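Here the structure comes first, spelled out in structure tokens, and everything after it is commentary.
Remember, predicted model here, so these are calculated numbers, not experimental data.
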Amino acid sequence: MKEIIAYEMLFKGVLKGNNDFSCIPFQRKYWDEYMGIYNECFYEMRKDLEIEPVNFYSDYSQMQDKACGTFLYLHNGAIAGV
């Protein structure tokens, strides 16, 4: 595996502006769709960096601890953003 350096950004200010959309807390019923989107999104990067497994998510247990801090934007009932 190649070396990876990651950074995390946190916004601690007050959100200003007009919010024309709303996000919902992650629910287990979205797991299969979320897993597919996540794995597809990071597949090429993980493959090129030789990170195994290339498809990171495979079981809901990997998401359980993160679910309470994950919010989804839905459009017509499908995940449009995380």
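Within the model, atoms CE of Met63 and OG1 of Thr70 stand 3.5 Å from one another, a figure rounded to the nearest 0.5 Å.
Looking only at distances, no side-chain donor or acceptor of Glu50 sits under 3.5 Å from a matching main-chain atom of Arg46.
Listed by chain and number, the hydrophobic cluster partners of Val54 are Tyr43, where partners are ILVMFWY side chains within reach of under 4.5 Å, directly or through others.
Under the rule for a salt bridge (charged side-chain N to carboxylate O under 4.0 Å, His left out), Glu40 has no partner lying at least two apart in sequence or in another chain. For Glu33, the side-chain contact (heavy atoms from CB on, under 4.5 Å) criterion is met by Tyr30, Ile37, Ala78, Ile79, not counting sequence neighbours. Tyr38 is linked by a ring-ring contact (aromatic ring centres under 6.0 Å, His included) to Phe42, Tyr57, counting only residues two or more places apart in sequence or in another chain. Asp59 is linked by a side-chain hydrogen bond (donor to acceptor under 3.5 Å, both in side chains) to Ser61, counting only residues two or more places apart in sequence or in another chain. Under the rule for a side-chain contact (heavy atoms from CB on, under 4.5 Å), Cys41 has no partner lying at least two apart in sequence or in another chain.
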_Worked check of side chain to side chain contact (heavy atoms under 4.5 Å, CB included) between Phe56 and Gln62_ = CA-CA 9 Å; Phe56 176 73; Gln62 296 169 282; 4.2 Å; yes
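Between His75 and Ala80, the shortest heavy-atom distance links the atoms CB-CB, 3.8 Å.
Contact of the Ile24 side chain with the Phe71 side chain is not registered, since no non-hydrogen atoms from C-beta on lie closer than 4.5 Å.
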